[in-house]
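One structure is given here, and the rest of the page talks about it.
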There are 2 protein chains.
Amino acid sequence: MTISDIARLAGVSKSTVSRVLTGSTPVREVLKSRVIKVIKKYNYSPNLAARSLSLKKTGTIGVILNLDPDYHFQDYVSMETLRGISVTATTSHIRLSIAIGSVASILPGIIAERSVDGVIIMGLRDGDIETLSPLSSDEVSPADTIPILLLNYSQEFKSYPSVAFSHEKDAYSLIRYLAGKGHKDIGIIECSPELIYIQNRKRGFLNAFKNLGMDFNDEWDIKINKVNENTAGKEAADYFLALQRRPTAIVASSDNIALSFMGRLLASGVKVPEDISIVGMDNIPISKYVHPALTTEVLDGFGRGKKACQMMCALINSEEIDDKHIFISSAIVERDSLLDIRTRKQRVYFLREKDGLYKG
Amino acid sequence: MTISDIARLAGVSKSTVSRVLTGSTPVREVLKSRVIKVIKKYNYSPNLAARSLSLKKTGTIGVILNLDPDYHFQDYVSMETLRGISVTATTSHIRLSIAIGSVASILPGIIAERSVDGVIIMGLRDGDIETLSPLSSDEVSPADTIPILLLNYSQEFKSYPSVAFSHEKDAYSLIRYLAGKGHKDIGIIECSPELIYIQNRKRGFLNAFKNLGMDFNDEWDIKINKVNENTAGKEAADYFLALQRRPTAIVASSDNIALSFMGRLLASGVKVPEDISIVGMDNIPISKYVHPALTTEVLDGFGRGKKACQMMCALINSEEIDDKHIFISSAIVERDSLLDIRTRKQRVYFLREKDGLYKG
DNA sequence: AATAGACTTGAAACCGGTTTCAAGTCTATA
DNA sequence: TATAGACTTGAAACCGGTTTCAAGTCTATT
């Protein structure tokens, strides 16, 4: 079923059918309704390839998950982001093309073949900047390139628009929050310290320590280069268990690390939160239901995806955008794995349905 | 940069450039190398829309995640499946277009606009069959439709090819395995009993009980209609805690349920596995690292995705396929949440790196 | 040396839409 | 009633590829 078939069946030219479809030019009511009837009858929808070719627009957004494709997704927040993008795209009748793998291997191809109108990149790393730069150099005419939107922010990438979590600010708030609960001795688990967001968080932590007049003990900052977050938690636990003097609270760079860290501590007879408080990040669903329930930072992945999709649509339509860089700030949800060491009271959380959020 | 530009720059006709690109017809070496040089120089790649229009093939596979888009992804295995599809597609130079939402609202559109060469549907439900059937009726000419591949299997859908887990057989094996550990009193948590795979599992369970001469106690079969698996676990725990006589082992329909169920039991002072053994399903990464480590059924999501992508490619190319229905069987990984009640010995698992698998 | 057959190549048609352009129709005004 | 201007519509060009078809060139055989 093509536009010519519809035209023939409705007794008009294909130009007229096209005008009815796009609404670009008014069509007499009598013809219009005749065309619509035929379209409905045969459930006709214009061929995407033909339309894209003519309009020089594909109606598709590309999403690159810049991950090692050989490893599991373990990343709840990324999946929530994807869901946010998808739901928003669907309501705008925009298609989504996704690819998992390195930006370097994926991006040049999709730009050359013009299969999408814009690209959203998740999880860009420092080294990947070299892949992007030739695309925005002076040699390339603007017509030969497409908008690129990043889902993380760094100084190095700041020429590209972004929708990212405000990790630095959030990390600062978290330390202030813990200090408010009486914690002065705070440890940090940094998993994959080469990741940009881990570095941003680190800056926030250090700033908070400095401004709050707290010591930052290097011995309590463990860096783990592990893709598998679960063994990272175990490794970190073994490290802290071996120390003479331990922090009263430990901040992990994800809930997965926090949970496996906590599992290992519990198995070793350490009491959480009585001996050590634990704070995670991500608010993965299970974190609310483990025992003790995990105190964690809530990252609104869905919101990030939604904003990203909206911003990408604006970029594609060359609309004015207010902010080139949008930041999504986190909240802290306090559950049982955190002890207030001034009162030595732990919250009894497990049965509650609703989380009380603290926005820093 | 278009094919005509390349042709002009190389001093040949665009037919010749096309022949160099597709390899459809031999081209003299001298011209060929001239064309290739120009293509390389300008990093040219044919426009996807134009190519699709001409070839009547998009080189794209559609994936529909038939989920309520308003709810979180919580499904590790589905994400692993997506990863399997993606990795396999990428190596075959095939694009992936994904959509999250109901089949009914998504499928007719993508078929009408011909934006993909085939569709893989995840999580089809019983009611959705009505959306599919008009597409395969006699009224529709074969040229107007595209291959559809399902990622779950049911009697009702069996006219469609599928790549699915062998839930019925696996459930049977699991009961036999538990019986081998001395468990005669086994409970079941069925979350969302309207789902096809839950029904398939149920059949396997019942068959096993019957064939092994074990009683199936209806009181120990709790059905929970909850989208949120975590509250489901809590609810199930409350139910079993209130019973006079409890089973010695409980099988949950996912790790998430098992973990929140276990969390609730532990918080109530019940010992796992001494009082109750727990078995999950999915083998989500964290299940290996909680305390006690969860015994669970391993579903090879990645493998399912890989097979699905391969099968879809075969369907698109109208190749002969050996089996219309491919089944991926699970394995059991035994960790600490399961007690052998003949010896009353629990395995000490937590520190082990490698899982010992049992294939039923 | 003539000719059949294989090989190579470019022109033109085609895929299915959108849009420009020009022609035809209708209405309003002088 | 003649004519300007607005409105409606179809023909044709175009988007950027692939493929058919026919013509030209080259080699091999008689």
Side-chain angles (χ1 to χ4, degrees), chain A residues 1-36 38-39 42-60 93 95 109-117 143-144, chain B residues 1-36 38-39 42-60 93 95 109-117 143-144:
Chain A
M1 195 48 63
T2 73
I3 199 171
S4 303
D5 297 327
I6 300 294
R8 188 169 31 75
L9 290 164
V12 297
S13 73
K14 58 183 207 164
S15 320
T16 300
V17 177
S18 177
R19 288 194 261 259
V20 170
L21 284 168
T22 62
S24 60
T25 314
V27 172
R28 252 193 314 159
E29 196 52 50
V30 52
L31 292 191
K32 193 172 184 174
S33 61
R34 226 157 69 200
V35 169
I36 288 175
V38 178
I39 287 175
Y42 293 93
N43 194 27
Y44 166 78
S45 185
N47 178 303
L48 182 68
R51 188 167 230 216
S52 302
L53 181 58
S54 184
L55 291 177
K56 293 167 176 293
K57 278 262 179 269
T58 62
T60 304
H93 298 285
R95 279 156 292 277
I110 63 181
I111 289 184
E113 71 181 16
R114 313 206 72 73
S115 56
V116 300
D117 296 337
D144 280 341
Chain B
M1 196 48 63
T2 73
I3 199 171
S4 303
D5 297 326
I6 300 294
R8 188 169 33 74
L9 290 164
V12 297
S13 73
K14 58 183 207 163
S15 321
T16 300
V17 177
S18 177
R19 288 193 260 259
V20 170
L21 284 167
T22 61
S24 59
T25 314
V27 172
R28 252 191 316 157
E29 195 52 50
V30 53
L31 292 190
K32 193 173 183 172
S33 61
R34 226 159 68 201
V35 169
I36 288 175
V38 178
I39 286 175
Y42 292 94
N43 195 25
Y44 165 79
S45 186
N47 178 302
L48 182 68
R51 188 167 231 214
S52 301
L53 181 58
S54 183
L55 291 176
K56 293 165 174 295
K57 279 259 179 271
T58 62
T60 304
H93 298 284
R95 278 157 293 277
I110 61 181
I111 290 184
E113 71 181 17
R114 314 205 71 74
S115 56
V116 299
D117 296 336
D144 280 342

- prompt: Which comes earlier along DNA chain C counting from the 5' end, the contact point of Thr22(A) or that of Val30(B), where each point is its nearest nucleotide?
  reply: Val30(B)
- prompt: What do you reckon, is NZ of Lys57(A) surrounded by more than 12 foreign heavy atoms closer than 6.0 Å?
  reply: yes
message: Using a 4.0 Å heavy-atom cut-off, does Val12(A) contact any base of the nucleic acid, only the sugar-phosphate backbone, or nothing at all?
response: sugar-phosphate
task: Under 4.0 Å between any heavy atoms, over every strand shown, what does Ser18(A) touch: base, sugar-phosphate, or nothing? Just pick one.
output: base
Looking only at heavy atoms, what is the nearest atom pair of [X] and [Y], with distance?
{"X": "Val17(A)", "Y": "Val12(A)", "result": "CG2-CG2, 3.8 Å"}
{"X": "Tyr42(A)", "Y": "Met1(A)", "result": "CD2-CE, 3.6 Å"}
{"X": "Arg19(B)", "Y": "Thr25(B)", "result": "CD-CB, 3.2 Å"}

task: Show your working on side-chain contact (heavy atoms from CB on, under 4.5 Å) between Thr16(A) and Ser13(A) and close with a plain yes or no.
output: CA-CA 5 Å; Thr16(A) 300; Ser13(A) 73; 3.3 Å; yes
At less than 4.0 Å, is any side-chain N or O atom of [X] found next to OP1 or OP2 of [N]? Yes or no.
{"X": "Tyr44(B)", "N": "dG16(D)", "result": "no"}
{"X": "Thr16(B)", "N": "dG10(C)", "result": "yes"}
{"X": "Ser13(B)", "N": "dT9(C)", "result": "no"}
{"X": "Arg51(B)", "N": "dT18(D)", "result": "yes"}
{"X": "Ser54(A)", "N": "dC15(D)", "result": "no"}

message: Could you measure the distance from the CD1 atom of Ile36(B) to the CG atom of Leu31(B)? Nearest 0.5 Å is fine.
response: 11.0 Å
- prompt: Paired with dT25(D) by Watson-Crick or G-U wobble geometry, both distances under 3.5 Å: which nucleotide is it?
  reply: dA6(C)
For the pair made of [atom1] in [X] and [atom2] in [N], what is the distance, rounded to whole Å?
{"X": "Ile3(B)", "N": "dA13(C)", "atom1": "CD1", "atom2": "C1'", "answer": "15 Å"}
{"X": "Met1(A)", "N": "dC15(C)", "atom1": "CE", "atom2": "C1'", "answer": "16 Å"}
{"X": "Leu53(A)", "N": "dA13(D)", "atom1": "CG", "atom2": "P", "answer": "17 Å"}
{"X": "Lys57(B)", "N": "dG16(D)", "atom1": "NZ", "atom2": "C1'", "answer": "20 Å"}
{"X": "Leu48(A)", "N": "dT18(C)", "atom1": "CG", "atom2": "C1'", "answer": "14 Å"}
{"X": "Arg8(A)", "N": "dT9(D)", "atom1": "CZ", "atom2": "C1'", "answer": "19 Å"}
{"X": "Leu21(B)", "N": "dG16(D)", "atom1": "CG", "atom2": "P", "answer": "15 Å"}
{"X": "Leu55(B)", "N": "dG16(D)", "atom1": "CG", "atom2": "P", "answer": "16 Å"}

Considering only [options], which nucleotide approaches the side chain of [X] most closely?
{"X": "Lys56(B)", "options": "dG16(C), dT18(C), dT9(D)", "result": "dG16(C)"}
{"X": "Ser15(A)", "options": "dA11(D), dT18(D), dA11(C)", "result": "dA11(D)"}
{"X": "Arg19(A)", "options": "dG10(D), dG17(C), dT9(C)", "result": "dG10(D)"}
{"X": "Ser24(A)", "options": "dG10(C), dT19(C), dT18(D)", "result": "dT19(C)"}

task: Using side-chain contact (heavy atoms from CB on, under 4.5 Å) as the criterion, point out the one residue from Ile6(A), Thr2(A), Ile3(A) that pairs with Lys14(A).
output: Ile3(A)
Might you list the N or O atoms of the protein lying below 3.5 Å from N or O atoms in nucleotides 22-24 of chain C, with each pair's distance?
none

Is it true that a side-chain atom of [X] and a backbone atom of [Y] form a donor plus acceptor pair closer than 3.5 Å?
{"X": "Ser54(A)", "Y": "Arg51(A)", "result": "no"}
{"X": "Arg34(B)", "Y": "Ala10(B)", "result": "yes"}
{"X": "Ser24(B)", "Y": "Thr22(B)", "result": "no"}

Under 3.5 Å, which N/O atoms of the protein pair with N/O atoms of nucleotides 4-8 of chain C?
from	atom 1	to	atom 2	distance (Å)
dT8(C)	O3'	Arg28(B)	NE	3.4

query: Quick one: the side chain of Lys14(B) and the base of dG16(D), do they pair up donor-acceptor inside 3.5 Å?
result: no
Side chain proximity check, Leu21(A) to Ile39(A), heavy atoms < 4.5 angstrom: yes
